[in-house]
Novice: 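Quick one: the structure is below, and I'll ask about it shortly.
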Amino acid sequence: MAQINEKTLLCFVVIAIAFLTETHAQITPPEPGPPGPPGFPIDAGLVGVLAAGLLYGIRKKVKK
């Protein structure tokens with residue numbers, strides 16, 4: 001089995017301690033922001049659904 005020299009072992013221990021102490025740090029949560037604006041957002045998805053419904057209705061009327 002390969003032997004680990006002292007420098008390699010020391011570097012490994014220092015890096016391991018640095019990672020272990022970093023994981024135990026606690027961060028305070030940020031203050032809550034202001035509430036969002038009231039209402040219903042109209043985005044591209046809703047516009048697309050309305051346009052598809054309109055086109056489907058026109059197609060049904062023309063075929064009839």
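Hydrogens, waters and symmetry mates are skipped; everything else that's a heavy atom, side chains included, is used.
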Novice: Would you list the atom pairs, donor with acceptor, under 3.5 Å between side chains in residues 4-11 and any protein atom, with sequence neighbours excluded?
Specialist:
| from | atom 1 | to | atom 2 | distance (Å) |
| --- | --- | --- | --- | --- |
| N5 | OD1 | T8 | N | 3.0 |
| N5 | OD1 | T8 | OG1 | 2.5 |

Novice: Quick one: which residue pairs count as a side chain to side chain donor-acceptor pair (under 3.5 Å) with a foot in residues 44-60, not counting sequence neighbours?
Specialist: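 Of all non-adjacent pairs touching residues 44-60, none passes side chain to side chain donor-acceptor pair (under 3.5 Å).
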Novice: Residues in side chain to side chain contact (heavy atoms under 4.5 Å, CB included) with I58, at least two apart?
Specialist: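 Here the qualifying residues are L54, V62.
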Novice: Going by side chain to side chain contact (heavy atoms under 4.5 Å, CB included), I17 matches just one of I15, V13, V14. Which one?
Specialist: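 Exactly one candidate clears the test, V13.
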